[in-house]
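Only this structure's heavy atoms are used, side chains among them; waters, hydrogens and symmetry mates stay out. The sequence lines fix the lettering, A, B, ..., with proteins before strands; numbering per chain opens at 1. On a predicted model such as this, the values are computed, not experimentally measured, just so you know.
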There are 2 protein chains.
Amino acid sequence: MFLVATSCFADRLAKHVPLSDTEKMALARLEENPRKIRRGAMIQRVNDLVTELFVLREGRVMSFVILPDGSRQILRVYFPGDFIGSASTIYNRAPESLVALSDAVVCPFDKHALRRLLEDYPRVAALLFLLSNAERVALTDRLASLGRTSAKARVASFLLDIFDRLRVTDDRITDSFDLKLTQEEIGDAVGLTSVHVNRMIRQMEQEGLISRSNGRITLLDMERLEEIGHYTNRHKDMDLEWLPGMA
Amino acid sequence: MFLVATSCFADRLAKHVPLSDTEKMALARLEENPRKIRRGAMIQRVNDLVTELFVLREGRVMSFVILPDGSRQILRVYFPGDFIGSASTIYNRAPESLVALSDAVVCPFDKHALRRLLEDYPRVAALLFLLSNAERVALTDRLASLGRTSAKARVASFLLDIFDRLRVTDDRITDSFDLKLTQEEIGDAVGLTSVHVNRMIRQMEQEGLISRSNGRITLLDMERLEEIGHYTNRHKDMDLEWLPGMA
DNA sequence: TCTTGTCGTTACGGTGGTAGAACGCCCGAC
DNA sequence: GTCGGGCGTTCTACCACCGTAACGACAAGA
């Protein structure tokens, strides 16, 4: 029984490496149970007992933690085709919370469904390993950004990161996009207060680096933004081709 | 032909999940070419063309990047049994540098040796995927630390993290350990200057939280350190048991 | 209309960076 | 042995960046 003909996750993978039809079908099975959720709804709370992972099919989701003093750190913003909640493969209790940034469609699937997938499709297991490594590199980039750069650089590189990842999932985007994040949320992502995020954004606007109109952001001078943010787009450099055929 | 009877990496894995003898032998093959390196030697430089990964067998290694303004961000400190350089599975050019913090023994192996391992041992592929997810969670913990906590909290949680990871690889350690990092390096890891790291360490010493003698650090009050650093030891909570047998 | 949420703006203060020098310690050279 | 250089650490001032607090403007819903 196939409720879905296509798979968001398979489509994403297929952009980097060819997939067989059986692999596509196996991946599509992860998305058999789409669930609509509303903007602001919690998908998972820290410390919940969790046995599910998700593929995000539509909309935007973020993960975050709240520290004992009440401050929030946003860990990652997810886009359609992203694999969410991989921490559940290793820990029984969720180390982070998940919330929908927009109305969204997520496809939950059980840990044991993942196990069967890993058993039956070793090439998929290898691909998941590679994707996980890409996430690891993305996180180290942000680590360097938070640890060693100024407020302006952090905001610039964050905007560029969202922009580039959005473009991986949506070809129509050229230079203008809807952030779907408040300035407070940007601050919680890059380790600043909303006040200071606002200072930096206005400054970049005055310098002609970006422009804004009702929620949408336009990147006017990519080159200088990349320079300011010490940012390099890694998506171009990904290479999964060394992992061909296999059984 | 077996140059090594045991495998550092297999030993580590076996602490979390049972391994078959053939799996252990397959993993041991990754460590067939041990190479001694001296403290301070570079194993890999940013932007090198890389087709190798490493298992660290002895000693300590760290990864870092240098930003255009010259500042350094230390990304990760590695211990014996750790799998190093997984970025090479996805990118042809190294996104980070690797340097030995002490005299060390690393075992390089080719990307294609890894591919054969993934092909022949799907369960190993699945385990590598899980371990990579554990790394991801560790990085998000540090992201929250850098983004939202004070200098003191960052130093405290960093010390606790090194301590706990050292204990995973060496049972003999109880409360005192050799950091093998200068205060400047600690600063580069947690996003502070060596001056401020020094302030925090002396302060923690005066408060009776830690003590020092010729390079070794003793954690005197773990409970308060964990509180100050908002730190939780995740190693206890790891659960790979849901991924049993497989072919 | 009132409420709620987001953005914009100001004044003030503290955390943590910068600069510079001195100290101790290890280790190799003589 | 001792002398000296290099490295890591300790310490002192000074001050900039960024956080805190507080309030107003504005738009979208209730």
Q: Map V195(A) and S150(A) onto DNA chain D by nearest heavy atom, then report which one ends up closer to the 5' terminus.
A: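 Of the two residues, S150(A) wins.
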
Q: Nearest whole angstrom, please: distance from the P of dG8(D) to the CG of L181(B).
A: 11 Å

Q: Could you tell me the separation between the CG atom of D188(A) and the P atom of dT6(C), rounded to a whole number of Å?
A: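 The answer, rounded to whole Å, is 12 Å.
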
Q: Taking only the side-chain heavy atoms of R202(A) (C-beta and beyond), determine which of dT9(C), dG16(C), dA19(C) contains the nearest atom.
A: dT9(C)

Q: Think N198(A) has a side-chain N or O under 4.0 angstrom from the OP1 or OP2 of dC7(C)?
A: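 N198(A) to dC7(C) OP1/OP2: no side-chain N or O under 4.0 Å.
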
Q: Classify the nucleic acid contact of G191(B) as base, sugar-phosphate or nothing, counting any heavy atom under 4.0 Å across all strands shown.
A: sugar-phosphate

Q: Which of these passes side-chain contact (heavy atoms from CB on, under 4.5 Å) with V61(A): L101(A), V77(A), I84(A)?
A: I84(A)

Q: In Å, rounded to the nearest 0.5 Å, how long is the span from CG of L143(A) to CD of E96(B)?
A: 10.5 Å

Q: Are any side-chain N or O atoms of E185(B) and backbone N or O atoms of T182(B), one a donor and one an acceptor, separated by less than 3.5 Å?
A: yes

Q: So if I take every side-chain heavy atom of H196(A) and compare against dC11(D), dT9(C), dG19(D), which nucleotide ends up nearest?
A: dG19(D)

Q: Could you tell me the separation between the CD atom of Q183(B) and the P atom of dG17(C), rounded to a whole number of Å?
A: 14 Å

Q: Rounded off to whole Å, could you give me the CZ-to-C1' distance for the R154(B) and dG17(C) pair?
A: 12 Å

Q: What is the nucleic acid contact for S194(B), judged by heavy atoms within less than 4.0 Å: base, sugar-phosphate only, or nothing?
A: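 The answer is nothing, as S194(B) stays clear of every strand by at least 4.0 Å.
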
Q: Would you mind reading off the distance between M204(A) atom CE and dC7(C) atom C1', rounded to a whole angstrom?
A: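 Distance check: M204(A) CE to dC7(C) C1' gives 15 Å.
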
Q: Any donor-acceptor pair under 3.5 Å linking the side chain of R148(A) with the backbone of L192(B)?
A: yes

Q: Can you check the E184(B) CD to dG6(D) P distance for me, whole Å?
A: 17 Å

Q: Students often get this wrong, so: under 4.0 angstrom with heavy atoms, is R199(A) touching a base, only sugar-phosphate, or nothing?
A: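 Answer is base: heavy atoms of R199(A) come under 4.0 Å of a base.
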
Q: Using only side-chain N and O atoms of T193(A), determine if any of them is under 4.0 Å from OP1 or OP2 of dC18(D).
A: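 For dC18(D), OP1/OP2 do not have a side-chain N/O of T193(A) under 4.0 Å.
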
Q: Could you tell me how far apart M200(B) (CE) and dT9(D) (P) are, to the nearest whole angstrom?
A: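 Atom-to-atom, M200(B) to dT9(D), this comes out as 16 Å.
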
Q: Would you sort out whether F54(A) and F109(A) count as a ring-ring contact (aromatic ring centres under 6.0 Å, His included), showing the intermediate values?
A: CA-CA 6 Å; F54(A) 309 89; F109(A) 56 90; 7.8 Å; no

Q: Could you tell me whether the phosphate oxygens of dT10(D), OP1 or OP2, come under 4.0 Å of any side-chain nitrogen or oxygen in R212(B)?
A: yes

